[in-house]
Structure formats: C-alpha cells, structure tokens
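Starting from 1, each residue takes its place in the sequence as its number. A quick note: this is a predicted structure, and the numbers were derived from the prediction, not measured.
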Amino acid sequence: MNLNTVERVPLGELCIKIGSGSTPRGGATIYVDNGTALIRSQNVYNSMFSTTGLVYITESIAEKMIGVSVEVDDVLLNITGSVARCCRVPNEVLPARVNQHVTIIRTDKGLLHPSYLANFLVSPHMQAKMLSWAGSGGTRKALTKGMIEDFEIPLPPLETQKRIAEVFSAYEDLIENNRRRIALLEAVTLELYKEWFVRFRYPGHDQVPLINGIPKGWEFKRIVDLAEIIMGQSPKSEFYNMEGEGLPFHQGVSNFGFRYLIHRTYCTKPIRLSQPGDILFSVRAPVGRMNLTDNKIIIGRGLSAMRSRTGNQSFLFYQLKVFFFKEDMVGGGSIFTAVTKKQLENQKMLLPPKHLVDQFEDFASQIDKQIKLLTQSSVMLVKSHGLLLPKLMNRELIV
C-alpha cells in the first residue's frame with residue numbers, strides 16, 4: 001500500500017457531520033464554574049487537548065446550543081485563529097459544545113476511523129495544505145466548511161486504519177502524560193502563589209500585622225515599575241512569509257501554545273523585538289492571555305513583551321496570571337477588548353518584600369524549568385508523530 005496509490009475520497013463523503021459552533025452572547029460574563037464545557041480554539045492543539053482556559057456554560061445556554069454538541073470520538077479542527085490545529089475530544093470534557101472557531105468532524109465509523117483521520121490531519125503534508133488554503137501573511141486565515149468537505153483522504157481498508165491508529169496511540173499517550181504533568185506543576189505553583197500572596201499565608205505571616213487588610217511593608221506598584229514593557233508594532237504584510245525566512249513573527253494569540261509559542265509565520269522586517277524568556281501578553285481581545293517565547297521574535301500590534309526588572313521572571317508570570325485571572329478583565333474588574341500601553345503600565349499590583357519574592361522565585365523557576373523540558377519533549381513527540389504517517393502509509397513501516 002502506497003500513499004500515492006491508495007484511493008482518496010473527499011472527507012465530506014466519509015462523515016455524518018462537519019460543522020462549526022457558535023459563541024453565546026455576553027462573552028466572559030456568561031461563564032460559570034461548573035456546567036457544560038465550551039471548547040474554544042485555545043483548547044485545541046495538534047494531537048493534544050488542553051483544559052487550560054476551558055470554560056463552562058449553564059445548562060440553559062447549552063440547551064440552546066444543542067446543535068453544536070460534541071460527541072465521543074469527534075475530531076476537533078480549528079478553522080480560524082490558530083487555524084489547522086487538530087485533535088480528538090477527550091471523553092472527560094463531555095458534555096461539551098464548540099464555539100465558532102472550532103469545527104466538529106464526526107466520521108462514519110464504518111468508513112473512516114476517527115483517530116486515523118485526526119492523525120492524518122496533523123501530518124506535515126496536511127498541515128501545510130490547510131495553512132495554504134486558509135491564507136497566509138497579513139490576511140485573516142480561515143478554513144471553510146466547503147474546503148474541509150473537499151479534503152482528499154487516503155482511504156486504506158478500515159482494519160489498516162485501526163492498526164495505524166493503534167501505533168499512534170503510544171505517541172498520544174506520551175503527549176497527554178506530558179500535558180497532565182505540566183498542568184499539575186503549574187497548578188501547584190499557582191496555588192503556592194495564591195497561598196502566599198493572595199491569602200497572605202506566607203512563611204512568618206503570623207509575625208506581620210495587617211494594615212487595611214495588607215501586610216505591613218507590602219506596597220502597590222505599577223506594572224511598569226515591576227517590568228519592562230515592549231509594545232508590538234506590525235511590519236507591512238509584504239515582509240511576512242511561511243518559509244522560515246527572518247525571525248518568527250507573532251501579532252496575537254493565534255499561535256499561542258500550551259505555554260510556549262508555536263512558530264508558523266516569519267518576518268524579514270524587524271521593528272519590535274522580544275527576547276528569549278519574555279512573557280508575551282495579549283493587549284487585544286482576549287486581553288491578558290499569556291505565553292512565553294524561547295526565541296528572539298518580532299511582535300506585532302496585538303502583543304506586548306514583558307520582562308522583570310529584578311530578574312524574577314517566574315514570579316512576574318504567576319503574578320500576571322492571577323492579576324488578569326480572566327480573559328479581557330483588567331485587575332479583576334473592568335472588561336477590556338484592548339488595552340493601551342499607558343493603561344497597561346498603570347495597572348497596580350501588590351508587591352511583597354524582596355525576600356519573599358526571591359523565595360518564591362527559587363521554587364517557581366525550578367518548576368518552570370521542568371515545564372520547559374516537558375514542553376520540548378512534547379514538541380519533539382508531535383514532530384515525530386507527524387512524520388510517522390507517511391512512512392506507515394508508504395509501507396516503510398509495517399503495521
């Protein structure tokens with residue numbers, strides 16, 4: 001069986017549903033702590049589903065969205081924003097709905113195995129094709145239902161599809177294990193931050209009096225006093241490319257990863273640069289979403305880059321994460337669809353004494369190193385996973 005000789009069938013002929021969702025009115029104000037999950041593009045990564053940022057809606061709202069219900073074994077595909085990212089839905093997030101940036105692909109299981117399809121869609125060949133179809137550079141990227149229905153899927157016998165899916169399951173298990181470990185490490189560190197700096201149960205807290213509800217010696221500082229802030233500025237789209245020429249370019253959250261950026265677009269005209277280790281902070285809707293960069297990159301108008309003035313980058317990351325605890329909410333209060341440099345600089349955050357910041361930094365920076373290593377491992381697994389399908393299809397590897 002060769003990839004070039006196996007029958008290819010339009011995806012629309014192999015599915016019982018292909019359709020995107022919708023977003024309820026009210027934005028972040030309609031989300032609840034428990035209910036039906038609303039899956040957004042930020043939850044969908046290649047071969048991995050992230051529960052970070054997963055939100056919930058009430059049963060009454062979910063009932064109105066019954067037409068975009070997600071079922072067991074559905075394949076999720078981002079059609080705008082972080083376009084082309086794809087994974088299967090994990091059973092533990094069901095019941096769920098999807099918003100308008102995500103398409104549900106429900107295969108006819110007598111013809112097309114869901115895991116085989118998901119793995120085909122994340123292969124380098126299909127990722128490149130989807131990104132090309134969706135548009136590149138400065139244009140808004142989008143995949144339409146018609147495009148998806150026309151995807152030509154190599155269709156080996158169902159038993160062969162199942163065996164190929166079984167081979168991939170080992171990769172998927174490793175990637176999922178890394179994701180769970182990263183989520184646990186971040187949750188532990190975030191909880192420690194809240195225990196010390198929100199609930200004020202830090203080492204020696206019983207020896208420090210509260211003045212107006214704040215520990216003595218603590219003070220409010222503007223973000224600009226705590227961090228250097230570089231606001232992005234977008235070069236003209238004629239300098240963008242997808243061939244890796246120049247430096248990676250980001251101007252929004254489209255290619256935010258679980259914690260580190262995913263590079264797809266490059267630029268040969270640097271205007272505003274962000275350095276390795278910087279915190280990338282979204283200044284346009286969704287305001288407050290964060291990622292880290294491990295490379296020197298060019299940043300456009302939708303992002304700012306932040307670095308601690310005292311070298312306490314891990315402390316700053318968790319401080320910002322708690323302060324901007326919901327997307328588009330500034331300081332836990334007002335809702336912003338965008339923030340200016342002045343508005344961002346003037347947000348005030350509580351600064352503990354240096355010895356407490358240093359203690360937290362010592363702990364959190366070690367955790368963050370572990371998260372970075374796990375992230376790098378997952379990136380390599382996804383790359384290996386994506387290169388495996390053509391070898392299986394061309395019988396370079398036998399299943």
Side-chain angles (χ1 to χ4, degrees), residues 39-55 78 81-82 85-87 90 93 122 172 174-194 227 230 232 248-265 274-283 286-297 299 302-308 311-327 360-361 363-383 385:
I39 297 171
R40 302 176 293 171
S41 59
Q42 71 184 91
N43 304 119
V44 179
Y45 294 86
N46 281 341
S47 304
M48 183 180 77
F49 185 93
S50 172
T51 54
T52 298
L54 185 64
V55 296
N78 285 351
S82 49
R85 293 200 315 219
C86 174
C87 70
V93 305
V122 301
E172 292 169 351
L174 288 170
I175 293 168
E176 174 60 14
N177 184 54
N178 281 352
R179 185 198 68 78
R180 290 178 184 273
R181 290 173 65 188
I182 290 170
L184 179 61
L185 288 168
E186 182 169 289
V188 167
T189 311
L190 193 60
E191 183 60 23
L192 179 66
Y193 179 92
K194 292 177 180 178
I230 301 96
F249 172 65
H250 295 264
Q251 61 178 345
V253 302
S254 296
N255 291 313
F256 273 23
F258 183 72
R259 177 172 285 207
Y260 286 88
L261 296 173
I262 300 167
H263 304 314
R264 283 179 168 172
T265 303
S274 174
Q275 301 299 323
D278 281 356
I279 298 167
L280 280 303
F281 183 94
S282 174
V283 295
V287 171
R289 193 181 296 180
M290 294 186 294
N291 239 208
L292 300 176
T293 177
D294 209 18
N295 312 89
K296 180 188 286 187
I297 64 169
I299 56 173
L303 295 177
S304 66
M306 297 190 193
R307 63 185 72 114
S308 169
N312 294 306
Q313 196 73 346
S314 291
F315 174 82
L316 178 64
F317 179 82
Y318 289 98
Q319 187 179 37
L320 292 169
K321 200 171 185 68
V322 170
F323 190 74
F324 296 93
F325 70 98
K326 287 186 178 179
E327 290 176 4
F360 180 84
E361 181 72 21
F363 173 81
S365 62
Q366 293 304 311
I367 295 294
D368 287 345
K369 286 178 183 178
Q370 294 181 53
I371 291 176
K372 183 175 180 179
L373 290 173
L374 289 167
T375 301
Q376 291 171 339
S377 171
S378 290
V379 169
M380 294 305 298
L381 285 167
V382 169
K383 286 182 179 178
H385 171 281

Full working for side chain to side chain donor-acceptor pair (under 3.5 Å) between Q42 and R289: CA-CA 10 Å; Q42 71 184 91; R289 193 181 296 180; 2.5 Å; yes
Non-hydrogen atoms of Y45 and S50 that approach each other most closely: CE1-CB, 3.5 Å
From CA spacing to verdict: side chain to side chain donor-acceptor pair (under 3.5 Å), S41, N78: CA-CA 6 Å; S41 59; N78 285 351; 4.7 Å; no
Closest approach of I297 to L261 (non-hydrogen atoms, all atoms of both residues): CD1-CD1, 3.4 Å
Exceeds 12 heavy-atom contacts within 6.0 angstrom, atom CZ of R181: no
Distance-only donor-acceptor check, side chains D368 and S314, under 3.5 Å: yes
Distance-only polar pair, side chains of H263 and N255, donor-acceptor under 3.5 Å: no
Verdict with supporting geometry, F281 and N291, side chain to side chain contact (heavy atoms under 4.5 Å, CB included): CA-CA 7 Å; F281 183 94; N291 239 208; over 6 Å; no
Distance-minimising heavy-atom pair for R85 and R264: CG-NH2, 3.8 Å
Straight-line distance of E172 CD to M48 CE, nearest 0.5 Å: 12.5 Å
Salt bridge (Lys or Arg N to Asp or Glu O under 4.0 Å) assessment of E191 paired with K194: CA-CA 5 Å; E191 183 60 23; K194 292 177 180 178; 5.2 Å; no
Heavy-atom check, side chain of I279 versus side chain of L320, under 4.5 Å: yes
Pairwise side-chain contact, Q275 with T293, heavy-atom cut-off 4.5 Å (strictly under): no
